[in-house]
**Student:** 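Structure incoming, see below.
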2 protein chains.
Amino acid sequence: MIDAVTIKEVKLQLGELCKQKRQSYDMSQQDLAEALELSRYTVQKFENGKNATLDTVLKIVNHFDLLGNLYQALKDLEKSNDINSLY
Amino acid sequence: MIDAVTIKEVKLQLGELCKQKRQSYDMSQQDLAEALELSRYTVQKFENGKNATLDTVLKIVNHFDLLGNLYQALKDLEKSNDINSLY
DNA sequence: TATATTTGTGTATTATAATAAACATAAGGA
DNA sequence: TCCTTATGTTTATTATAATACACAAATATA
């Protein structure tokens, strides 16, 4: 039995991904906020797993060149009726 | 040269995915809204590509049993420094 | 055609994400 | 040690997502 992933865990993981990507680009929270025309507080909260808007998330995803990947993943999910198929 | 995906397109695709999944479960917007304790208007706007909160998106993703997939995809992105690597 | 259901839209209100500014703390470099 | 930078947190304000109605327009269904 695999533990179900929670919404909170996904938000925390999203924040971690942002932090890791940001640091790999050698940017501070302030740098990222300015690049995306967001406040540092918004970046700060996002990286710590708080709720955010889709626009904020996608701005960040886009900045790290992951928007195309996300789009393709969504397209794939739409095609397959059941991604968890055993076959 | 591949056209860059826009934030607007991703939001529209997210809405389409929701609509397609919802219909595959034979649910109305009202049904989905009630199941997730959201207003129908919120579901309506999301399906039509409007901005939303991360909580709303993840509630919907979770309802269609895609939260684990999303979590794993985020974990994978964190590990690989460059998902677009040619190697 | 009627009737019911679903979807799209409008308005007003409430809840909350985003912003701006300030300040504390911690870590690192001079 | 001092000075700088980055992060975390607070308070107040603004912008906007979410809600709760209502109603019109499609879209089934009898």
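A note on names: the letters A, B, ... follow the listed sequences, proteins ahead of strands, and every chain is numbered from 1.
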**Student:** Above 12 or not: heavy atoms from other molecules or residues under 6.0 Å from CD of A/Q23?
**Tutor:**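 Yes, enclosed.
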
**Student:** Return no unless some side-chain N or O of B/Q29 is found under 4.0 Å from OP1 or OP2 of C/dG8.
**Tutor:**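 Yes, B/Q29 has a side-chain N/O under 4.0 Å of OP1/OP2 on C/dG8.
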
**Student:** Would you please confirm or rule out a distance under 4.0 Å between OP1 or OP2 of C/dA18 and any side-chain N or O of A/T53?
**Tutor:**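 Yes, because at least one side-chain N or O of A/T53 sits under 4.0 Å from OP1 or OP2 of C/dA18.
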
**Student:** When rounded to the nearest 0.5 angstrom, what is the spacing between CD1 in B/I60 and CG in B/L38?
**Tutor:**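 It is 6.0 Å, given to the nearest 0.5 Å.
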
**Student:** Please tabulate, one pair per line, each protein N/O and nucleotide N/O from nucleotides 26-30 of chain D that are separated by under 3.5 Å, including the distance.
**Tutor:**
none

**Student:** Strictly distance-based, threshold 3.5 Å: is any side-chain N or O of A/N62 a donor or acceptor partner for the main-chain N or O of A/K59?
**Tutor:**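 Checked: no pair found.
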
**Student:** Is B/M27 close to B/E34 at the side-chain level, that is, under 4.5 Å between some pair of heavy atoms?
**Tutor:**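 Heavy-atom side-chain distance check fails, nothing below 4.5 Å.
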
**Student:** Rounding to an integer number of Å, can you tell me how far A/K11 NZ sits from C/dA17 P?
**Tutor:**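 To the nearest whole Å, that distance equals 8 Å.
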
**Student:** OP1 or OP2 of D/dT16 sitting under 4.0 Å from any side-chain N/O of B/N51?
**Tutor:**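 Answer is no, no contact under 4.0 Å.
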
**Student:** Rounding to a whole Å, what distance do you find between A/R22:CZ and D/dT5:P?
**Tutor:**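 Answer to the nearest Å: 16 Å.
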
**Student:** Taking only side-chain N and O atoms of B/T56, does any of them lie within less than 4.0 angstrom of OP1 or OP2 on D/dA18?
**Tutor:**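 Yes.
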
**Student:** Determine yes or no for a side-chain-to-main-chain donor-acceptor pair under 3.5 angstrom, with B/D76 supplying the side chain and B/A73 the backbone.
**Tutor:**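 No, because the side chain of B/D76 does not come within donor-acceptor range (under 3.5 Å) of the backbone of B/A73.
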
**Student:** Just to confirm, is there a sub-4.0 Å distance from OP1 or OP2 of C/dT6 to any side-chain nitrogen or oxygen of B/Q23?
**Tutor:**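 B/Q23 to C/dT6 OP1/OP2: no side-chain N or O under 4.0 Å.
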
**Student:** Does anything in residues 44-58 of chain B pair up under salt bridge (charged side-chain N to carboxylate O under 4.0 Å, His left out), and if so which pairs, sequence neighbours excluded?
**Tutor:**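 Those involving residues 44-58 of chain B are A/K11-B/D55, B/R22-B/E47.
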
**Student:** Whole angstroms only, please: what is the CG-P distance between A/L58 and D/dA17?
**Tutor:**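 These atoms are roughly 13 Å apart.
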
**Student:** Please report, rounded to the nearest Å, how far the C1' atom of D/dA6 is from the CG atom of A/N48.
**Tutor:**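 To the nearest whole Å, that distance equals 13 Å.
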
**Student:** Report yes if some heavy atom in the side chain of B/F64 is under 4.5 Å from a heavy atom in the side chain of A/L77; otherwise report no.
**Tutor:**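 In short, these two side chains do not touch, never coming nearer than 4.5 Å.
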
**Student:** Under 4.0 Å, heavy atom to any atom of DNA chain C: which of residues 37-45 of chain B qualify?
**Tutor:**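 Hits under 4.0 Å, by residue number: B/R40, B/Y41, B/Q44.
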
**Student:** Are the side chains of B/D31 and B/Y25 in contact, using a 4.5 Å heavy-atom criterion?
**Tutor:**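 Side-chain contact under 4.5 Å: no.
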
**Student:** In whole angstrom, what separates B/E16's CD from C/dT7's P?
**Tutor:**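 Rounded to the whole Å, the gap is 13 Å.
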
**Student:** Atom CG of B/L54 and atom C1' of C/dA18: how far apart are they, to the nearest Å?
**Tutor:**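 From B/L54 CG to C/dA18 C1': 15 Å.
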
**Student:** Please report the distance, rounded to the nearest Å, between CD in B/E47 and P in C/dT6.
**Tutor:**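 Taking CD of B/E47 and P of C/dT6, I get 13 Å after rounding.
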
**Student:** Can you check whether B/V43 reaches B/T56 side chain to side chain, under 4.5 Å on heavy atoms?
**Tutor:**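 Result no, sub-4.5 Å side-chain heavy-atom pair not found.
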
**Student:** Please report, rounded to the nearest Å, how far the P atom of C/dT6 is from the NZ atom of B/K19.
**Tutor:**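 Those two atoms, NZ and P, are 14 Å apart.
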
